[in-house]
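Read through the structure below, which is laid out as structure tokens, and then see the notes.
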There are 2 protein chains.
Amino acid sequence: MHQNQTLIKSMEVLRLFEQYESLTLTEIVEMLGQPKTTVYRMVSSLQSMGWISRRKDSRYELGLLFVHYGQLVLERLNIRDLVLPVMRQLSHQLGETVNLIVREGLEGVYIEKVEAVHPVRIYHQRPGDRVPLYAGACPRVLLSFLPDEEVAEYLRHVKLRPFASGTITKIQDLQMTIIESRRVGYTISHAELVDDTSAVAAPIFNHLGEVVAGLSIAGLTSHFSDERLPNLTMSVRQAAKECSCLLGYPERESQLERLNG
Amino acid sequence: MHQNQTLIKSMEVLRLFEQYESLTLTEIVEMLGQPKTTVYRMVSSLQSMGWISRRKDSRYELGLLFVHYGQLVLERLNIRDLVLPVMRQLSHQLGETVNLIVREGLEGVYIEKVEAVHPVRIYHQRPGDRVPLYAGACPRVLLSFLPDEEVAEYLRHVKLRPFASGTITKIQDLQMTIIESRRVGYTISHAELVDDTSAVAAPIFNHLGEVVAGLSIAGLTSHFSDERLPNLTMSVRQAAKECSCLLGYPERESQLERLNG
DNA sequence: CCAATCGTTCCGAAATACGGAACACAAATT
DNA sequence: AATTTGTGTTCCGTATTTCGGAACGATTGG
């Protein structure tokens, strides 16, 4: 795969700013292990285009141009606009945080979050954050409703890495969960990404019947008691179904609905 | 200024996506007027890093990575978090849209917007949008309270381009407005950026007494009647002052306050 | 089935980025 | 005031990298 090494090296510079809020040229030089002149060229090029900018204290930081591009991307996800009102309603109704994620490649990307008002927020998945498709209810629901071949392909190659005490680490377990999810039309997770947190998620389909997003209710595991679960799963499924309808997914009872009355 | 041409050319590719939601390789080739192989290298490099991604219909679009970076930038603007509650309160109180902008170089960049609930929104400045510092109340308030030398420098070099019927196009007029703004502590604009819209803006200072942001109330010109204006200006100034205090700006009456009782 | 269009690979030529060294500029130290 | 230490910036010959025409696949449509 012949690629532009200059370009790739330059973008490495930007990558550094994921961890560091601001950097000086010398710091970048040290971190990349590249000669100063080389880094200088890359940095000033990026700066001249607005991708990075200089503060008054002469340190470099990410430019506001990224706000613009981030905004563009979000606006173009038309799913988001349709689903947001439903998310707000759902969050208000249950008093829990509601997440929306879409798939990019082998990962799920958080797009929108509507926070529960009252409780102190303990953990925070932020817009743009990525997670593997196997961990957490919301990502896994995206995986579960992919076409059979894609799921099989995924299961064949994925390496299961634990994030928290409940992360699924055996392919067999993952496969079983997927089959079960498909049968019942939703997924539940306990402490798969973060300890002491749970989620229940349902898939959103487009007019072609393809999964385009996952909708989840997430919160402290203590909020997901057995008595409350039926209500929660019912609510996400209902909300996700609404969203699917908004996207043109056939309203009529699908095979999935019939199975679960 | 020796710079990385490869890098710059590659970023031109991204720039195209500001206008077009999705593009095919051939389309990019035509628009850039570069050989296909060159474009191909750039595009696949960008794609491999996640800056652009391919949809199922095999067209290219901006990657979700931009959401992450946009989010990072917004989070790092600590001004935003402090000011947002004040903006919400202000918008609620007056029933108008409230904007927050910061400066980057010779431009103002919209950071946050709290929309009025009731009225149909006619025009839309979105997060990340840029405007010159001379046009519109909110940008100009940023300009007006810069240090004397910087203002002078700006006035010396700026080219005044009209955006709407009320845009200031004479340096003298701009200078007079700036002087007046400094005296009264706020700025008013009518149809400077968009016809039939007005705004009134006040500056937000940090602990060092530097302007770090502009806060504005914006809406249809018909909402900015002479009877209502005093209330509006009073409200933005009060809100902006609150924000300045949150940023550590000395609470005590400044010279500016004394002048205006 | 052939034509057309789009994306992808190859490879020699040449333009481009490289990077060591030396320079400027500022702030902190003596 | 002089010096040191730390920045960022320019110079320029070298050679690595990108360039880009051409030819190849892969997919779609007539």
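Checked against the 6.0 Å centroid threshold, A:Y69 and A:W51 count as a close aromatic pair.
Counting only heavy atoms from C-beta on, A:N4 has its side chain closest to D:dC19 among D:dC19, D:dG8, D:dT17. Side chain of A:Q5, nearest nucleotide from D:dT18, C:dT8, D:dG20: D:dT18.
Whole-Å rounding puts the A:D57 CG to D:dG8 P distance at 11 Å. Taking atom CZ of B:R54 as the reference point, atom P of C:dT8 lies 5 Å away to the nearest angstrom. Taking atom CD1 on A:I8 and atom P on D:dT16, their separation rounds to 19 Å, with Å as the unit. At whole-Å resolution of the value, CD in A:E27 and C1' in D:dG6 are 12 Å apart. The CE-C1' distance, from B:M42 to D:dT17, rounds to 15 Å in whole Å. Distance A:L7 CG to C:dA17 P: 11 Å, rounded to the nearest Å. Rounded to an integer number of Å, the gap from CD1 of B:I28 to C1' of C:dT8 is 15 Å. Between the CG atom of B:L23 and the P atom of C:dG7 there is a distance of 11 Å, given to the nearest Å.
Residue contacts for A:R59: at a heavy-atom cut-off of 4.0 Å it reaches no nucleic acid atom on any strand shown.
Screening B:L142, B:V102, B:V211, B:L100 for a side-chain contact (heavy atoms from CB on, under 4.5 Å) with B:I204, the sole residue that qualifies is B:L100. Residue B:M42 is tested with B:I52, B:T37, B:L32 for a side-chain contact (heavy atoms from CB on, under 4.5 Å); the sole match is B:L32.
Put simply, A:K9 has a side-chain N or O that comes within less than 4.0 Å of OP1 or OP2 on C:dC18. When the side-chain nitrogen and oxygen atoms of B:T24 are compared with OP1 and OP2 of C:dG7, one or more of them lie within a distance under 4.0 Å. Put simply, A:Y40 has a side-chain N or O that comes within less than 4.0 Å of OP1 or OP2 on D:dT9. OP1 or OP2 of D:dT18 has not a single side-chain nitrogen or oxygen of B:R41 nearer than 4.0 Å.
Residue A:T26 places no side-chain atom within donor-acceptor reach of the base of D:dG8, judged by atom type and a 3.5 Å distance cut-off alone. One donor-acceptor pair, N or O on each side, does fall under 3.5 Å between the base of C:dG7 and the side chain of B:K36. A donor and an acceptor atom sit less than 3.5 Å apart, one in the side chain of B:T37 and one in the base of D:dG21.
Positionally, the nearest nucleotide of DNA chain C for B:Y60 lies more toward the 5' end than for the other of A:T38 and B:Y60.
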Requested in this report: Take A:E192 and A:T167 through the test side-chain hydrogen bond (donor to acceptor under 3.5 Å, both in side chains) and record every step on the way to the result.
Outcome: CA-CA 4 Å; A:E192 291 190 14; A:T167 311; over 6 Å; no
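Ring geometry for A:F145 versus A:F205: interplanar angle over 60°, hence perpendicular rather than tilted (30 to 60°).
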